[in-house]
Participant: 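Here's a structure for you.
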2 protein chains.
Amino acid sequence: MNVRRPATLASLAAELGVSRTTVSNAYNRPDQLSPELRKRVLDTARRLGYPGPDPVARSLRTRKAGAVGLLLTENLSYAFRDPAAVGFLEGLALACEDAGSGLLLIPANPEREDVASVHRAGVDGFVVYSVPDDDPHLAAVLERPVPAVVCDQPSIENLDRVGIDDSRAIKTMAEHLIGLGHRKIGVLCMRLARARNDGPASVQRQENASFHVQKKRLTALAEAFEAIGIDWEQVPVVERFDHTIASGESAAGQLLESNPEITAIMCTSDILALGALNETRNRGRRVPEDLSITGFDGITEAERVGLTTVRQPMLEKGRAAGRLLLDAGEPGRPREVRLDTQLVTGSTAASPRSVEERWFGP
Amino acid sequence: MNVRRPATLASLAAELGVSRTTVSNAYNRPDQLSPELRKRVLDTARRLGYPGPDPVARSLRTRKAGAVGLLLTENLSYAFRDPAAVGFLEGLALACEDAGSGLLLIPANPEREDVASVHRAGVDGFVVYSVPDDDPHLAAVLERPVPAVVCDQPSIENLDRVGIDDSRAIKTMAEHLIGLGHRKIGVLCMRLARARNDGPASVQRQENASFHVQKKRLTALAEAFEAIGIDWEQVPVVERFDHTIASGESAAGQLLESNPEITAIMCTSDILALGALNETRNRGRRVPEDLSITGFDGITEAERVGLTTVRQPMLEKGRAAGRLLLDAGEPGRPREVRLDTQLVTGSTAASPRSVEERWFGP
DNA sequence: CTGAAAGCGCTAACAA
DNA sequence: TTGTTAGCGCTTTCAG
């Protein structure tokens, strides 16, 4: 009984001497036949080892898969390593649960072009979370005749979308640092394009970035700093492909090595900031006395160590995305959910000390 | 192009004046037709807005869904809150990714009996993770004519299984405490049955537990303590339905209130132990000087605070489960993977102080 | 309350 | 290299 499918709805019907409709009804519309008959059907089913209507055949017929597909930037497994992504997943799962829908995680390796997994996915719609604008998987999703909602990406055609005001959010942080007196800063950012680059990101590369969110944040930072007369060309931006604490460490190392004069490091994620924090302290520099460090996301780990960061509601993001997808809106009238963020004033950003203080103590 | 399915493989074939096979081959077996024809097919497809073969119809025909279903004890969303579960998910996702398979999270509310989600799941097999022996969802999975592997559960029929030696693992911890001199202990455990119970768990309830792992651990503890002449009936065991730090806190409070004489609290999970740690300290008792606390799992958070615990390889568990399911073994010869665990001697367990020391200091 | 008819959209032998 | 034939297993009008 555990490896083949001996019985089908048809064979059951034959065995019982009733029509297939009746058997189908026994499962799907109990009120459409007498309790006795229904019991007889179900009993015979058990006896024959009939496992109930085949879900795939049913889906084909009803045109409902009962599942939502999730397409992510990262390997599935990485997603579980990033607390922000986990928060998003939790929210999305919540929405799916409410709707009784399954959640299909699609195995999309960002470094490969293989979109078969998208074609193969039997789902009623897709949530696309922060993939690059030119990702072939995204293109494959768009070709599928099912709805999709994008999150942390530019809006597309007439798709629903959820996100935050990345520009506003990071500008608030920039202004916070500027207010504290920082003028020499360095930036650590996540992957800007599908092609791997671990190192400085030129302004040109920043402008060509295909990861919407990262690009948005960098652009906003440029604006914020140019507004006070700082030449963005001179601001060092270091990029990392992998989004890990170790990446943050090495990136911070690289930054501090090449730009020892900076008084603050702004990171586009908490994970990177956590790494930067480690590296800075390992080099014997104190935070925030010698160097200020800021993050982005507001993950638990970051808030625990008192990171100065921007908190965004990841769980709500996931939930909103799921809801949008599941309670279909009116076609042709795409909806947009924009969530709020807030500055978290932790203990990793302070006024830069003057040069004298640096050398001679306060 | 984004809400209906105008074209089908058949209509495309008709339009092109070729057979359906040819169109199918254009997608699935490029080598079976001339490049020119293939190009013509694909071009026409694009023109007609044909999105490629329907995944559900294909699944029906090929009898392959390209996805693995995951059934969990908890609401999907809770799973993302428990670092141990996240570790498991990560490992499972890794295995799925390697096989190019999707991972379908099945919305199974443990407090409801609705198993439709299991019936509806279009998957090639199931991974069942730590659900109670009498869970109707589990029963539903067993009825499906697809393979399944269970994890942290008793072996079933001829299903593959992965787990650890729970008994051995927790006995090692018990012996560690006994070696330190503890004789008066209390226990905090997770949910023992589907029916909610937040409070003391009688021996009877322990014996009737339907959560295999919890039962196994309690039984092993009973053995370990009876071996040194302690009457297990007298050992207070406090159960919590929700697996959260807050639960650990309240359970520890309850335990310390009713059994102030205990010198150690053994918890069957790190999450509970983390809660116990908070509660104990909030009550002004020092750990481990006044009270020893131990956990189980070895989650990052626990190791960071120096919890004395048992580490189990959650990621490997998930990966092993996925692999077992995906590279099908020989039918009728169920496999079993048993992973190793290790005692982590942290800083939350020490010798109990003598009564004099308790009152008068060391 | 039950049955007959008509596919859902696709793939896989097997022939040609 | 391409086409013919036969379903995969189910649901759903529409009559009876």
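We name chains A, B, ... by the order of the sequence lines, and we start the count at 1 in each one. Quick note: numbers below take in every heavy atom, side chains included, and nothing from hydrogens, waters or symmetry partners. Note that the structure is a prediction, hence the values are computed from the model and not measured.
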Participant: Quickly work out the A:R40 CZ to C:dC1 P distance and round it to whole Å.
Facilitator: 15 Å

Participant: Between the protein and nucleotides 14-16 of chain D, list the N/O to N/O atom pairs that are separated by less than 3.5 angstrom.
Facilitator:
none

Participant: Got a second to check how far B:L104's CG is from B:L70's CG, nearest 0.5 Å?
Facilitator: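 Answer rounded to 0.5 Å: 9.0 Å.
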
Participant: Can you tell me how far C1' of D:dG9 sits from CZ of B:R120, to the nearest Å?
Facilitator: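 Taking atom C1' of D:dG9 as the reference, CZ of B:R120 is at 17 Å.
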
Participant: Can you name the one residue among A:T44, A:L37, A:D43 that meets side chain to side chain contact (heavy atoms under 4.5 Å, CB included) with A:V41?
Facilitator: A:L37

Participant: Atom OH of B:Y50 to atom P of C:dG9: distance rounded to whole Å?
Facilitator: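 For the pair B:Y50 OH and C:dG9 P, the rounded distance is 10 Å.
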
Participant: Can you tell me which residue pairs pass the side-chain hydrogen bond (donor to acceptor under 3.5 Å, both in side chains) test with a partner in residues 84-95 of chain A, sequence neighbours excluded?
Facilitator: A:E90-B:R81

Participant: So, is A:T8 close to the D:dG9 phosphate, meaning a side-chain N or O under 4.0 Å from OP1 or OP2?
Facilitator: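 Negative; the distance criterion is not met.
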
Participant: For A:R46, give me all partners under side chain to side chain contact (heavy atoms under 4.5 Å, CB included), at least two apart in sequence or on another chain.
Facilitator: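 Partners of A:R46 by the side chain to side chain contact (heavy atoms under 4.5 Å, CB included) criterion come out as none, since no residue qualifies.
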
Participant: Want to settle it: does B:L33 or B:L60 sit nearer the 5' end of DNA chain D, counting the closest nucleotide to each?
Facilitator: B:L33

Participant: Please list, chain by chain and in numerical order, all residues satisfying side chain to side chain contact (heavy atoms under 4.5 Å, CB included) with A:P154, sequence neighbours excluded.
Facilitator: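 Side chain to side chain contact (heavy atoms under 4.5 Å, CB included) check on A:P154 returns A:D133, A:H212.
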
Participant: Can you tell me if B:R58 and B:N28 form a side-chain donor-acceptor pair at under 3.5 Å?
Facilitator: yes

Participant: Using a cut-off of less than 4.0 Å, is there contact between a side-chain N or O of B:T22 and OP1 or OP2 of D:dG3?
Facilitator: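 Affirmative; the distance criterion is met.
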
Participant: Provide, to the nearest angstrom, the distance between the CD atom belonging to A:E36 and the P atom belonging to C:dT2.
Facilitator: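 These atoms are roughly 9 Å apart.
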
Participant: Calculate the interatomic distance between A:Y27 atom OH and D:dC10 atom P; express it in whole Å.
Facilitator: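 Those two atoms, OH and P, are 9 Å apart.
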
Participant: So what does A:V18 touch, heavy atoms closer than 4.0 Å: a base, only the sugar-phosphate, or nothing?
Facilitator: sugar-phosphate

Participant: For B:R120, look at atom CZ and say whether over 12 heavy atoms of other residues, nucleotides or ligands are found less than 6.0 Å away.
Facilitator: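 It does not: B:R120 CZ has 12 such atoms or fewer within range.
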
Participant: Round to a whole Å and report the spacing from CG of B:D31 to P of D:dT2.
Facilitator: 12 Å

Participant: Summarise how protein sits on nucleotides 11-16 of chain C as a single string, 5' to 3': B when a protein heavy atom is under 4.0 Å from the base, S for sugar-phosphate-only contact, - for no contact.
Facilitator: BBB---

Participant: Hey, could you give me each pair passing side-chain hydrogen bond (donor to acceptor under 3.5 Å, both in side chains) that has a residue in residues 318-327 of chain B? Not counting sequence neighbours.
Facilitator: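 Pairs touching residues 318-327 of chain B that pass the test: B:E316-B:R319.
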
Participant: Got B:L103 and B:L92 here, is their nearest side-chain heavy-atom distance under 4.5 Å?
Facilitator: yes

Participant: Between B:R63 (CZ) and D:dG7 (P), how many Å, whole number?
Facilitator: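 Checked: the CZ to P distance equals 15 Å.
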
